[in-house]
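Heads up, the thing below is written out as structure tokens.
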Amino acid sequence: MFCAGSTFKMNQRKLPNVLITGTPGTGKSTLAEELASCVNMKYINIGEIAKENELYTGYDEELECQILDEDGVIDILEDTLSEGGNIVDYHSSDFFPERWFDIVFVLRTDNTILYNRLEKRGYNAKKIQNNVQCEIFQSILDETKAAYKDGIVHELPSNTPDDMQNNLDQITDWLQQWAANT
Ligand code: DAT
């Protein structure tokens, strides 16, 4: 009963919701913002939403970052996501309600490239190491595959501008197919 209800609700959306996730520095914001402007969908950066609404439950000294108030984020975005037409960008994926997303992309970047991007961003050595290790162990990919149904999660390389263009093309094609099938 519950599954049938979820499917019915999902199909009611006129536009799909897309999640773009991956380790910090893999290019989520760059791709998601560009995509949103290309296809005229709403760009939602969870980090920005948390900052604007002070949605934190504390500070993680080990990882040197704020701890996200996940329930607060869900509450604040529930109506917007129910409507569809959103491109959501965040470096974690498994706390969102599964029903929110029609497709999920996990960006992947080679270690040296990621290291250089994070160094350029001004992260300290420990923070760079934590993030590069996260990418090496494909933590976000595994977390995402465990959280969403088979067929929803897609891994995309994000090393070069050509990768970015291919990713944009691929996601745009998928969105067009989604529109054609609804
Ligand atoms: P994230 O949002 O995942 O933290 P970002 O979008 O801020 O990452 O990108 C980090 C940096 O890498 C930024 O300077 C833009 C660059 N970048 C992103 N994707 C890229 C790509 N496919 N090729 C080359 N540079 C890229």
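Model, not experiment: these values are computed from the prediction. Read the numbers this way: they start at 1 and go in the same order the structure lists the ligands and their atoms.
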(message) Assess whether a salt bridge exists between Glu78 and Arg99, defined as any Lys/Arg side-chain N lying under 4.0 Å from an Asp/Glu carboxylate O.
(response)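 Salt bridge between Glu78 and Arg99, a charged N being under 4.0 Å from a carboxylate O: yes.
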(message) Which label fits Phe101 and Phe96: parallel for a plane angle under 30°, tilted from 30 to 60°, or perpendicular past 60°?
(response)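 Answer is perpendicular, since the angle exceeds 60°.
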(request) Find out whether Ile67 and Tyr56 are in side-chain contact, i.e. whether some heavy atom of one side chain is under 4.5 Å from a heavy atom of the other. (result) no
(message) Would the distance check show the side chain of Asn86 and the main-chain N or O of Val88 forming a donor-acceptor pair, the cut-off being under 3.5 Å?
(response) no
(request) Run through ligand 1 for me and note each protein residue having a heavy atom under 4.0 Å from it, chain first, then residue number. (result) Thr23, Pro24, Gly25, Thr26, Gly27, Lys28, Ser29, Thr30, Arg117, Arg121, Ser158, Asn159, Thr160, Pro161, Met164
(request) Assess the side chains of Thr109 and Glu135: does a donor N or O sit below 3.5 Å from an acceptor N or O? (result)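 Their side chains do not contain a donor-acceptor pair, so the 3.5 Å distance test is not met.
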(message) Quiz question: by atom type and distance under 3.5 Å, do the side chains of Ser29 and Asp89 form a donor-acceptor pair?
(response)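 Their side chains do contain a donor-acceptor pair, which is all the 3.5 Å distance test asks for.
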